[in-house]
Amino acid sequence: MNNRYLDNNIESLNLNANIIKVLKDNAILKVKDLWIKNRSFLKEIGLTDSQIKTIIIKLELIGLDLNKKKNK
């Protein structure tokens, strides 16, 4: 996958500060670190369904989805 956003910091997704904090506390610093995760993992680290949906939408806007899925 050659998406130009994969090496960006997660801040580039313009997520809520609470979401960013949870992700950083769990060593998810780059978009590619988040992209490889799945919904179950995000729930385990303490994110709510609403927060996970926000992440999914932000990833879809740049052509990515959770669990290494790519959109064209």
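Just so it is clear, the values below take in all heavy atoms, side chains as well, and ignore hydrogens, waters and symmetry mates.
Looking only at side-chain heavy atoms (C-beta outward), Leu13 and Asn8 stay at 4.5 Å or farther from each other. In this structure, Val22 and Leu42 have side chains that are not in contact, with every pair of non-hydrogen atoms separated by 4.5 Å or more. Taking the side chain as every heavy atom from C-beta outward, Ile52 and Lys43 approach each other to under 4.5 Å. Under the 4.5 Å side-chain criterion, counting only non-hydrogen atoms from C-beta, Arg39 is in contact with Ile56. Here the side chains of Leu23 and Ile45 are in contact, with some heavy-atom distance below 4.5 Å.
Across all non-hydrogen atoms, the minimal contact from Ile10 to Ile20 is O-CD1, 3.8 Å. The minimum heavy-atom distance linking Asn16 with Asn18 is given by the pair OD1-N, 2.6 Å.
Put simply, CG on Leu15 and CG on Leu34 are 7.5 Å apart, with the number rounded to the nearest 0.5 Å. Rounded to the nearest 0.5 Å, atoms CG (Asp65) and CG (Asn38) are 11.0 Å apart. With rounding to the nearest 0.5 Å, the separation of NZ in Lys58 from CG in Leu64 is 14.0 Å.
In this structure, Asp7 does not pair ionically with Lys30, as no charged nitrogen and carboxylate oxygen lie closer than 4.0 Å. Residues Lys21 and Asp25 are paired through a salt bridge, judged by an N-O separation under 4.0 Å between the basic side chain and the carboxylate. The pair Lys37-Glu44 fails the salt-bridge criterion, with no side-chain N (NZ, NE, NH1 or NH2) lying under 4.0 Å from an Asp/Glu carboxylate O.
Between the side chain of Asn9 and the backbone N or O of Ser12, no donor-acceptor pair lies under 3.5 Å. Remark: the backbone N or O of Asn67 is not paired with any side-chain donor or acceptor of Trp35 at under 3.5 angstrom.
Hydrophobic cluster membership is shared by Ile55 and Ile36, with clusters built from Ile, Leu, Val, Met, Phe, Trp and Tyr side chains linked at under 4.5 angstrom.
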